[in-house]
2 protein chains.
Amino acid sequence: MVRPRAFDEEKALQAAMELFWEKGYEATSLSDLTAKMGIQRPSLYSAYGDKKELFEAALRKYNQFHSSYLRARLQSGTSVKEAFRSLFEGIIAEGYGEGPNRGCFCLNAMVELAPHDAKFEVLTREHQMYLTVIFQETLERGIRAGELRSDVNAKRVAQTLVVAMIGLTVFLKSRPDRAFAENSAATILDLLQ
Amino acid sequence: MVRPRAFDEEKALQAAMELFWEKGYEATSLSDLTAKMGIQRPSLYSAYGDKKELFEAALRKYNQFHSSYLRARLQSGTSVKEAFRSLFEGIIAEGYGEGPNRGCFCLNAMVELAPHDAKFEVLTREHQMYLTVIFQETLERGIRAGELRSDVNAKRVAQTLVVAMIGLTVFLKSRPDRAFAENSAATILDLLQ
DNA sequence: ACTATATCATACTGAACGGTATATAACATT
DNA sequence: AATGTTATATACCGTTCAGTATGATATAGT
């Protein structure tokens, strides 16, 4: 005996995610949000809580999406080495697309919020840990398949690839010469022998 | 026949730099600034222009300071390899200090402003280019001294070290396990043979 | 059809925002 | 000491901020 929601909560959350991803937390206003989400202010508050809670929900949604995306990219493809190469190449290509370079939502949140908010310190750290596990498992698969040398330390290399991916993603925000980005990616990928 | 400034412009700018460095552009208010700088609002506007211009002046000051700091660290020390190791170790140590992890002001600005403001895209990119030159020159010195193998591609390795340093600095904002940071730094520094 | 309940749209709240007008105070030159 | 110029301090400007009170509206169960 209640009136049902007239908007799609997932769709609206997706819209909020896009906005926070592109502009960050502070620079995104509630008016920006309600406009893009296509809902009114009280609907937002009743469905998601305040601005910080909405941001957190958006980031969690992004992290899920991002993990799935990376796992899929690393599982498909002919080889582990080629999968990583393609992944890094895709990140670089993304950096030179049109429009503002939004990079990785989780890294943006790590820079803007993690140092001042323990909740986001944990949330962003745990996502990187999860990505590291995905990388490590992929490397171990490559070792088992005989594609990578058996003396490769999968955990250490995975950690290094994650740090390098973070560096590359952030660096691309300044739109450096493409050769710079390509060189550093290629040098890092030489870890995969 | 004029009244002289009653405050030290460099000291006040330094105070603004500390504040923007720790909190970012959007999260820092003019009231925060005037309080920490110890001056009144009209003094701020007459001396530095508006908020964005003050931020730019603060970032330029930081970049100068940062370049000098890195150059000094890489020149002192017993060897090039040891200098880089010590530099990365210092970055990690900084990440586990008390208080909020402010990281690198230039990288914070790159994430928050570069995608939406061409001026900061250029400013942050040029600083990274300058750091790359410092790294490259240091590596070339190591090659000349016979400390590094002569087939090391100084430019490519310098670019890779810059990207890795960016990744490490940003990653530390989420306060990961220290062993993670140490592992990735050590693996990167293995490039120096 | 009626009622209970939750959602909707509008309009509003006090506070904080970036930026400035105004008037007083302090100095260097004459 | 008088004058012209700039820095200072206070108080204010209109706007925008995050968040909410209010009342109309729509639906599900009776």
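Throughout, protein chains are lettered first and strands after them, A, B, ... in sequence-line order, and every chain is numbered starting at 1.
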field: Ion pair check, B/Arg144 and B/Glu140, cut-off under 4.0 Å
entry: no
message: Can you tell me which nucleotide in C/dC17, C/dC8, D/dA7 comes closest to the side chain of A/Arg5?
response: C/dC8
- prompt: Will you find, in the side chains of A/Ser79 and A/Glu147, an N or O donor that is under 3.5 Å from an N or O acceptor?
  reply: yes
message: Measure OH/A/Tyr25 against C1'/D/dC17 and give the value in whole Å, please.
response: 11 Å
task: Check whether more than 12 heavy atoms from other residues, nucleotides or ligands sit under 6.0 Å from atom CD of B/Glu82, and answer yes or no.
output: yes
task: Quickly work out the A/Leu30 CG to C/dA15 P distance and round it to whole Å.
output: 18 Å
- request: May I have the distance from B/Glu9 (atom CD) to D/dT6 (atom C1'), rounded to whole angstrom?
  value: 13 Å
field: Stepwise ring-ring contact (aromatic ring centres under 6.0 Å, His included) check, A/Phe105 with A/Phe55
entry: CA-CA 11 Å; A/Phe105 184 14; A/Phe55 185 90; 5.3 Å; yes
- prompt: Which of these, B/Asp32, B/Asn108, B/Leu59, B/Leu54, sits in a side chain to side chain contact (heavy atoms under 4.5 Å, CB included) with B/Phe20?
  reply: B/Leu54
field: Contact nearer the 5' end of DNA chain D, comparing B/Phe7 with A/Ser29
entry: B/Phe7
task: Taking only heavy atoms on the protein side, list every residue of residues 33-58 of chain A lying under 4.0 Å from any atom of DNA chain D, sorted numerically.
output: A/Arg41, A/Pro42, A/Tyr45, A/Asp50, A/Lys51
- prompt: Hey, is the main chain of A/Lys52 close enough, under 3.5 Å, to the side chain of A/Asp50 for a donor-acceptor pair?
  reply: yes
